[in-house]
Amino acid sequence: MIFITSQTNAQNNFEFDPSIPVIRSGNALDNAWAGGLNCAQVSDFDFDFDGDLDLFIFDRSRDNIRVLLQKDDGSGPYYEFLYNSKLYFPEDLFYRAQMIDYDNDGKKDLFTNGTGGIKVYRNVGSAVTGIQWELASELLYSQYPNNYTNLYVNTSDIPAIIDVDLDGDIDILTFHQGGQHVEYHQNQSMELYGIPDSLIFEVKNECWGLFTEEFSTNVLILNDPNVPCVGGSIPNPLRETEDNAVFLKHAGSTLLALDYDGSGVLDLVIGDVSYPSMTLLINGGTAPNTNSAMISQDNNFPSNTTPVNVVLFPAAFYVDVDFDNVKDLVVAPNARNISENVSSIRFYKNLGTNSNPTFTYVANNLFQRDMIEHGSGSIPVLFDYDQDGLQDLFVSNFYRYKDFLDRESTIAYYKNTGTSSAPQFTFVDNNFLNLNQLGLGLRLVPTFGDLDNDNDPDLIIGRDDGTIAYFENIGSVGSPSFATPILNYTDNNNDIISSGAYAFPQLFDLNKDNLLDLIIGKRNGQIAYYQNTGTIDSPEFTLMNDTLGSIDVSVSIPDGYATPHFFRIGDTTKLFIGNYDGDIILFDSVDNHILPGDTFNLVSMNYSGINVEGYSSISVNDIDNDNELNAFVGQDLGGLFAFEGDPNSTAKLEFKEQINFICYPNPTNGKLYFESDRVIKEVLLYDLNGKELLRISTEANTDVIDISDLSPGIYLLYGRTDDGSTVNKKISKY
């Protein structure tokens with residue numbers, strides 16, 4: 001089975017657009033709109049077959065995939081983010097993924113999690129066909145002493161997949177099911193066939209390195225006299241004794257195998273699920289004796305510089321990330337939700353060689369320092385905060401790492417320091433209004449609007465307990481200042497407004513009465529609508545519909561985490577909404593459908609092919625005054641994607657005047673008439689596969705089209721005006 005993944009999405013309404021500059025500390029971020037990273041697993045490969053190495057980053061948080069392409073514009077190499085990287089890879093990558101060339105064809109293959117072990121995809125792409133994958137093995141198997149079964153790797157572990165015995169094929173080192181000893185699975189490809197193109201494994205040592213990791217700690221015991229293994233060296237495998245058939249369970253470990261001391265044999269760097277540090281084990285052997293005991297350990301690796309300190313469960317990767325052709329050390333957490341997430345990727349530059357490295361600490365936020373990055377569950381909000389006519393950007397989060405097993409929610413503020421046609425966001429504050437000092441909980445969601453008619457924006461914040469907090473702006477125009485917040489804000493009956501949990505509010509005049517209403521997305525995937533039944537200078541919110549639009553965006557789990565964003569094109573209201581699964585969903589038919597029992601029309605469950613794997617949210621506006629929507633999408637990894645409306649889309653969303661356009665008779669058996677209040681420049685007809693069937697220049701408000709030669713079926717008719725606006729109708733031919 002071959003996955004051909006050089007995909008395109010025809011007629012997308014949004015195109016990824018990283019061109020808006022983001023400035024922090026006086027410098028433009030190189031990959032501002034790359035979406036963030038949390039628990040990165042880093043390896044390299046030649047994605048575009050241009051001869052240099054690009055980076056493959058698999059993030060364990062939600063099995064996210066990022067590709068950083070190596071580029072050079074003449075001033076030196078740099079990395080460029082490839083949007084929608086996941087489209088180029090198999091869909092079933094879980095828990096771990098790394099690039100390793102097992103068949104020695106010069107193209108790195110993909111090793112990932114299989115059920116109870118390892119799955120492998122072979123790289124069968126080329127410069128002509130692009131990157132492609134062929135399933136090489138659904139699950140790797142190995143010959144154990146007593147049976148032939150799956151080569152076991154705990155789902156939380158990261159094994160070392162590397163040539164251990166230096167014979168040219170790829171072997172595997174992994175903790176056994178008990179998690180206290182490392183098994184050595186030798187690849188038999190060279191022994192059997194003389195070429196490294198097979199994945200046939202046999203256990204050659206069940207206690208490789210002759211060390212034990214204690215059951216409840218990260219303490220490593222070298223040459224443990226109680227080690228439950230007997231036997232000798234290859235080919236006489238060390239095996240576990242019969243009286244140790246019931247294994248103790250160790251929670252999880254990560255392995256990096258490299259020749260640290262230049263001896264020609266592999267040493268180990270080990271991370272433990274419950275600890276922030278890593279341990280280096282030095283192998284006492286010399287080539288070709290690759291089955292020797294570990295003789296020393298560095299429990300604060302690397303002790304010559306700032307040691308690894310990653311909360312929690314560090315994993316190390318050996319890969320060149322600074323273009324000097326020498327592999328560096330990259331360390332990141334391997335635990336979801338409980339680890340560092342803003343500055344989580346440690347970079348240690350290698351000042352030595354690949355076979356005798358010397359690591360020196362450089363940064364704690366590799367790649368992240370070049371991105372908008374605010375932890376986990378980013379939420380973008382566009383609003384002209386300082387009332388200078390330019391839309392500013394606020395980025396909230398579900399949480400950011402604070403301290404050991406402690407988290408907090410904050411809101412970042414980026415001021416628009418550009419112009420009305422060329423926006424530019426400059427980072428101002430990582431903790432807007434010092435909200436983390438107020439004890440408001442996690443997932444603070446801001447929404448702005450002038451609720452008291454004093455010409456400055458007030459603030460409402462949704463909280464994780466389902467309530468909202470109201471911050472009155474008591475400052476002056478262009479100089480906001482907020483009063484002490486009113487917590488547990490109430491409705492017209494003086495009842496506390498609550499969504500149950502994780503309130504996601506938006507202030508928006510839904511019923512078009514010139515008063516800002518309150519819409520709240522709820523954890524259960526539904527939306528509540530509170531109509532402003534007060535006055536222009538004294539708001540009062542009345543619950544009118546607890547299931548607005550009959551919407552429920554929960555898909556894979558009962559909790560949908562609805563993130564509504566209503567907006568208008570001309571006078572027509574539409575709704576974008578994100579959810580737990582990372583979708584961007586579009587609804588229309590909102591106007592006059594806001595009463596209980598009314599239903600919005602679902603336009604797309606996956607608008608423009610946008611899916612961010614988890615906790616999606618969106619904010620749209622025309623911030624560059626080109627009559628096309630700009631969109632900013634938040635996601636689980638804490639960063640943002642930026643999009644621009646596609647001017648070539650046949651169904652684009654844009655700020656254009658509404659056009660009246662009717663077609664009749666419909667259904668038709670031949671001639672079709674249209675009438676419009678605008679001059680239609682041309683008419684286009686497509687089938688449902690997007691194939692253009694007819695294109696007619698009209699330059700008229702009314703005309704007739706003959707489709708009698710077409711087969712019976714459903715067709716899409718588009719009319720295009722002089723200014724590029726489009727209208728469309730579904731046509732039935734019988």
Side-chain angles (χ1 to χ4, degrees), residues 142-145 151-154 157-167 169-187 201-244 247-248 250 252-272 275 277-304 316 318 355-357:
S142 186
Q143 182 64 57
Y144 286 81
L151 196 165
Y152 177 79
V153 179
N154 188 302
D157 286 4
I158 294 181
I161 305 174
I162 192 170
D163 185 4
V164 175
D165 55 3
L166 310 177
D167 68 347
D169 57 21
I170 295 298
D171 311 302
I172 297 176
L173 298 172
T174 181
F175 274 92
H176 80 325
Q177 291 189 41
Q180 293 183 274
H181 315 113
V182 170
E183 294 176 344
Y184 165 42
H185 296 261
Q186 185 191 51
N187 193 340
F201 294 92
E202 181 178 339
V203 177
K204 288 296 183 179
N205 191 330
E206 288 183 301
C207 296
W208 190 80
L210 287 177
F211 67 92
T212 303
E213 184 171 15
E214 285 195 352
F215 167 66
S216 58
T217 71
N218 66 338
V219 173
L220 300 176
I221 303 172
L222 306 186
N223 290 299
D224 185 359
N226 298 314
V227 66
C229 296
V230 296
S233 61
I234 297 175
N236 301 309
L238 296 171
R239 298 178 180 176
E240 301 210 357
T241 58
E242 294 296 326
D243 59 3
N244 198 57
F247 302 134
L248 294 173
H250 189 84
S253 300
T254 63
L255 291 176
L256 170 66
L258 75 166
D259 183 8
Y260 184 75
D261 59 358
S263 64
V265 296
L266 293 176
D267 310 299
L268 283 181
V269 177
I270 300 178
D272 186 274
Y275 294 86
S277 60
M278 303 198 80
T279 297
L280 168 67
L281 292 180
I282 296 296
N283 196 324
T286 56
N289 180 13
T290 60
N291 194 38
S292 303
M294 299 295 175
I295 59 173
S296 66
Q297 59 183 303
D298 177 359
N299 295 313
N300 288 293
F301 172 77
S303 56
N304 65 296
Y318 198 36
S355 60
N356 191 7

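Just so you know, these numbers use all the heavy atoms, side chains as well, and skip hydrogens, waters and symmetry mates.
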| Which distance, rounded to the nearest 0.5 Å, do you find between the CG of Asp272 and the OG of Ser277? | 8.5 Å
| Note, Trp208 side chain near Asn283 side chain (heavy atom, < 4.5 Å) | yes
| query | Hey, does Leu151 have a side-chain heavy atom less than 4.5 Å from the side chain of Thr174? | reply | yes
| query | Would Glu202 and Ser142 count as having a side-chain donor-acceptor pair, cut-off 3.5 Å? | reply | no
| Set of ring pair (Phe, Tyr, Trp, His ring centres under 6.0 Å) partners for Tyr260, sequence neighbours left out | Phe301
| request: Could you tell me whether the side chain of Pro145 reaches within less than 4.5 Å of the side chain of Glu206, counting heavy atoms only? | output: yes
| message | Tell me if a side-chain donor or acceptor on Gln180 pairs with a main-chain N or O of Glu213 at a distance below 3.5 Å. | response | yes
| query | From Glu183 CD over to Gln177 CD, what is the distance, rounded to the nearest 0.5 angstrom? | reply | 8.0 Å
| message | Would you say that Leu268 contacts Leu255 through its side chain, given a criterion of any heavy-atom pair below 4.5 Å between the two side chains? | response | yes
| said: Main chain of Gly264, side chain of Asp259: is a donor-acceptor contact present, judged purely on distance under 3.5 Å? | reply: yes
| query | Any idea which heavy atoms bring Gly285 and Ser292 closest together, and the distance? | reply | CA-OG, 3.2 Å
| request: For Glu214 and Ile221, run side chain to side chain contact (heavy atoms under 4.5 Å, CB included): C-alpha distance rounded to whole Å, both residues' side-chain angles, the deciding distance at 0.1 Å, then the answer. | output: CA-CA 8 Å; Glu214 285 195 352; Ile221 303 172; 4.0 Å; yes
| query | Is the backbone of Ser303 close enough, under 3.5 Å, to the side chain of Asp298 for a donor and an acceptor to pair up by distance? | reply | yes
| Relative to each other, are the rings of His185 and Tyr144 parallel, tilted or perpendicular (30° and 60° limits)? | perpendicular
| said: What I'd like to find out is whether the side chain of Tyr184 reaches to under 4.5 Å of the side chain of Asp165, using heavy atoms alone. | reply: yes
| field | Of Leu222, Ile295, Asp267, the residue whose pairing with Leu281 passes side-chain contact (heavy atoms from CB on, under 4.5 Å) | value | Leu222
| task | Could you check if a side-chain atom of His181 sits within less than 4.5 angstrom of a side-chain atom of Thr212, using non-hydrogen atoms only? | result | yes
| message | Among residues at least two apart in sequence or on other chains, which ones pass side-chain contact (heavy atoms from CB on, under 4.5 Å) with Tyr318? | response | Leu256, Leu258, Lys327, Asn350, Asn354, Pro357, Phe359
| message | What I'd like to find out is whether the side chain of Asn299 reaches to under 4.5 Å of the side chain of Met278, using heavy atoms alone. | response | no
| request: For Asp171 and Val164, indicate whether the former's side chain and the latter's backbone hold a donor-acceptor pair under 3.5 Å. | output: yes
| field | Atom of Ile172, atom of Pro159 and distance for their closest heavy-atom approach | value | CG2-CB, 4.4 Å
| Atom pair CD (Gln186) and CG (Leu173), whose distance is rounded to the nearest 0.5 Å | 11.5 Å
| remark: For Asn300, the side chain to side chain donor-acceptor pair (under 3.5 Å) test, sequence neighbours excluded, returns none
| field | Any Thr254 side-chain heavy atom under 4.5 Å of Ile270 side chain | value | no
| query | Judged by atom type as modelled, is there a donor-acceptor pair below 3.5 Å linking the side chain of Asn187 to the main-chain atoms of Phe201? | reply | no
| With no hydrogens and no angle check, is any side-chain donor or acceptor of Asp157 less than 3.5 Å from a backbone partner on Ser253? | yes
| Closest contact, heavy atoms only, Ala257 versus Leu266 | CB-CD1, 4.1 Å
| task | Establish, from distance only, whether the side-chain atoms of Asn205 and Asn291 form a donor-acceptor pair under 3.5 Å. | result | yes
